[in-house]
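Below you'll find the structure, written out as structure tokens, and then a few comments.
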Amino acid sequence: MSFYDTVIIGGGPAGLSAGLYAARAGLKSLLLEKSFLGGQAITTDKVENYPGFPEPISGLKIIQNMEEQARKYDLAIDVQGVKSLVRNHETDFRIYLENGQELGSHTVILATGASPIRLGVPGEEEFTGRGVSYCATCDGPLFREREIVVIGGGNSALEEALFLAKFAQKVTIVHRRSALRADKILQERAFQNPKIHFLWGSTVQEIKGDTQVREIIVQNLADQSVASHRIDGLFIYVGSKPNTAWLPSTVAVDPQGFVITDEKLSTSLKGLFAAGDCRQKPLRQIVTAASDGALAGMMAYHYLQENT
Ligand code: NAP
């Protein structure tokens with residue numbers, strides 16, 4: 001069985017940053033990513049608030065740079081899903097992979113990020129990939145000159161609506177309240193964009209279509225009236241949930257499932273750290289994920305100095 005000083009689970013900005021810091025500190029480190037590096041960051045077309053990059057840079061480019069930098073310091077990266085994690089004894093974890101393999105590590109850094117929340121209405125599952133999407137960067141160009149609806153009022157909804165407006169004929173943002181949650185700068189841009197329209201105080205009740213999505217049923221929450229809207233595509237941005245359901249019950253999480261950490265990013269399990277969007281925190285950004293990763297990598301190093 002391979003044994004490591006630290007195993008990092010998740011290859012988004014938090015995991016890659018943790019890997020960079022751990023590897024540079026001389027720890028025998030392995031980063032495990034179940035599908036592709038980057039997590040939610042690579043679904044962002046233009047990142048304007050990552051310090052040090054005054055010109056917009058794509059989330060994908062930031063991740064490619066992070067990977068290149070971490071590999072320079074010999075961070076091992078493996079594409080493997082993790083099934084479970086068990087604390088074996090005082091300073092030892094066992095990590096069970098989906099391929100049946102077992103790894104050992106003195107410390108573990110959780111950087112599993114978060115995934116889009118589903119709206120939970122009839123038709124959503126049926127039409128996902130057939131006009132219903134959670135990734136404008138991936139699917140937006142398919143909707144050139146089409147009519148698109150975006151659901152949500154947060155940063156993701158507005159950023160993606162602005163991106164979609166480059167291709168679409170018309171983008172309608174359906175939001176359940178009459179005030180947006182998104183940053184002011186995004187709100188101003190959306191209000192000024194002639195292709196973007198708003199449907200306030202409304203929720204989507206049902207998604208309909210044939211081989212493709214064609215129609216949504218929208219309820220006005222003020223008077224409960226219901227109307228049908230013809231659409232070509234639907235992009236859903238109603239928040240995200242942490243990828244933590246698989247963790248053992250000994251890891252303390254909040255009611256939404258975000259991992260609870262102290263200021264050194266230690267979790268309730270000794271030797272287990274958490275970084276990025278999977279942990280309870282007030283601001284989820286690429287820069288705060290990278291910052292968490294740096295801290296977690298160094299805290300794993302200090303933990304090993306004191307405990308092995
Ligand atoms: P979010 O900030 O949680 O916003 C979710 C939006 O969806 C809210 O407007 C919410 O409405 C609405 N919503 C939730 N459940 C709904 C339902 N069942 N039906 C209809 N609408 C529903 O989520 P997010 O925009 O995905 O952002 C997640 C995190 O990533 C945030 O911390 C955000 O700041 C961060 N982020 C940052 C950037 C950036 O800074 N560039 C970009 C993307 C994401 P209410 O407002 O009424 O609650």
Side-chain angles (χ1 to χ4, degrees), residues 12-14 38-63 111-125 132-138 140 149-164 172-190 196 198-207 216-222 226 229 234-243 254-258 275-292:
Q40 296 203 114
I42 57 166
T43 64
T44 304
D45 171 49
K46 267 191 194 171
V47 178
E48 296 177 345
N49 54 4
Y50 195 77
F53 292 85
E55 293 308 317
I57 177 169
S58 73
L60 180 63
K61 186 64 191 153
I62 292 178
I63 292 299
T112 50
S115 302
I117 292 176
R118 301 289 190 253
L119 196 56
V121 298
E124 182 176 21
E125 220 179 294
V132 173
S133 172
Y134 304 84
C135 178
T137 316
C138 321
V149 162
V150 170
I151 307 177
N155 279 326
S156 298
L158 266 72
E159 249 182 19
E160 305 309 318
L162 285 159
F163 176 71
L164 290 165
T172 304
I173 297 177
V174 176
H175 182 41
R176 64 182 176 183
R177 292 188 293 132
S178 55
L180 297 166
R181 184 182 289 277
D183 292 347
K184 283 281 172 281
I185 187 162
L186 293 174
Q187 295 195 26
E188 281 161 19
R189 279 186 204 158
I196 297 181
F198 287 87
L199 199 52
W200 302 105
S202 302
T203 56
V204 171
Q205 304 270 293
E206 193 177 351
I207 302 162
I216 50 173
I217 307 299
V218 177
Q219 181 170 46
N220 178 317
L221 296 175
V226 170
H229 295 257
L234 182 67
F235 288 78
I236 302 174
Y237 295 104
V238 293
S240 51
K241 60 173 191 310
N243 299 319
D254 71 8
Q256 284 77 45
F258 291 101
D277 283 9
C278 70
R279 79 176 185 95
Q280 189 186 59
K281 60 195 291 194
L283 183 63
R284 294 193 172 83
Q285 299 277 296
I286 299 176
V287 67
T288 59
S291 159
D292 276 8

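Just so it is clear, the values below take in all heavy atoms, side chains as well, and ignore hydrogens, waters and symmetry mates. The chain is numbered in sequence order, starting from 1. Just follow the structure's listing: the first ligand is 1, and inside any ligand the first atom is 1.
Judged by distance alone, with hydrogens and angles left aside, the side-chain atoms of Gln187 form a donor-acceptor pair with the main-chain N or O of Ala182 at under 3.5 Å. Counting only distance, with no hydrogens or angles, the side chain of Asp292 and the backbone of Ala275 share no donor-acceptor pair below 3.5 Å. Proximity of a side-chain donor or acceptor of Asn220 to a complementary backbone N or O of Ala222 within less than 3.5 Å is detected.
Checking Ile62, Val287, Ile63, Ile42 one by one against Pro13, the side chain to side chain contact (heavy atoms under 4.5 Å, CB included) holds for a single residue, Ile63. Leu119 pairs with exactly one of Val132, Val238, Leu234 by the side chain to side chain contact (heavy atoms under 4.5 Å, CB included) rule, that one being Val238.
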Before giving the answer on side-chain hydrogen bond (donor to acceptor under 3.5 Å, both in side chains), spell out for Ser115 and Asn243 the whole-Å C-alpha distance, their side-chain angles and the decisive distance to 0.1 Å.
CA-CA 7 Å; Ser115 302; Asn243 299 319; 2.6 Å; yes
For Tyr50 and Gln285: C-alpha separation, side-chain torsions, deciding distance, then whether side chain to side chain contact (heavy atoms under 4.5 Å, CB included) applies.
CA-CA 9 Å; Tyr50 195 77; Gln285 299 277 296; over 6 Å; no
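Of all protein heavy atoms, the one closest to atom 9 (O) of ligand 1 is Gly153 N, 3.0 Å. The protein heavy atom nearest to atom 7 (O) of ligand 1 is Val238 CA, 3.2 Å. In terms of protein heavy-atom proximity, atom 39 (C) of ligand 1 is closest to Gln285 NE2, 3.5 Å. Looking from atom 1 (P) of ligand 1 to the surrounding protein, the closest heavy atom is Arg181 CD, 4.0 Å. Nearest protein neighbour of atom 3 (O) of ligand 1, counting heavy atoms only, is Gly239 CA, 3.9 Å. Of all protein heavy atoms, the one closest to atom 33 (C) of ligand 1 is Asn155 ND2, 3.8 Å. Counting only heavy atoms of the protein, atom 35 (C) of ligand 1 lies nearest to Arg284 O, 3.2 Å. Here the protein heavy atom with the shortest distance to atom 15 (N) of ligand 1 is Arg176 NH1, 3.4 Å.
Distances from atom 31 (C) of ligand 1 to the protein include no heavy-atom value under 4.0 Å.
Taking every non-hydrogen atom of Glu159 and a distance limit under 4.0 Å, the qualifying atoms of ligand 1 come out as 39 (C), 41 (N), 42 (C). Near Ser156, with a cut-off below 4.0 Å to any heavy atom, the atoms of ligand 1 are 24 (P), 25 (O), 26 (O), 27 (O), 43 (C), 44 (C). For ligand 1, the atoms lying closer than 4.0 Å to a non-hydrogen atom of Arg177 are 45 (P), 46 (O), 47 (O).
When non-hydrogen atoms are compared, ligand 1 lies under 4.0 Å from neither the backbone nor the side chain of Leu283. Contacts between Leu119 and ligand 1, counted as non-hydrogen atom pairs separated by less than 4.0 Å, involve the side chain only.
Ligand 1 has no nitrogen or oxygen under 3.5 angstrom from a nitrogen or oxygen of Ser240. For a threshold of 3.5 Å applied to N or O pairs, the pair formed by Thr203 and ligand 1 contains no separation below that value. Between Ala179 and ligand 1, no N or O atom pair is found at a separation short of 3.5 Å.
Between Phe235 and Tyr237, the two ring planes are parallel [angle under 30°; tilted spans 30° to 60°].
For the pair Lys61 and Glu55, the salt-bridge criterion is not met [side-chain N within less than 4.0 Å of a carboxylate O].
The salt bridge (Lys or Arg N to Asp or Glu O under 4.0 Å) test applied to Arg284 returns no partner, not counting sequence neighbours.
A heavy-atom separation below 4.0 Å is not found between Gln40 and ligand 1.
Val226 places a side-chain heavy atom less than 4.5 Å from the side chain of Gln219.
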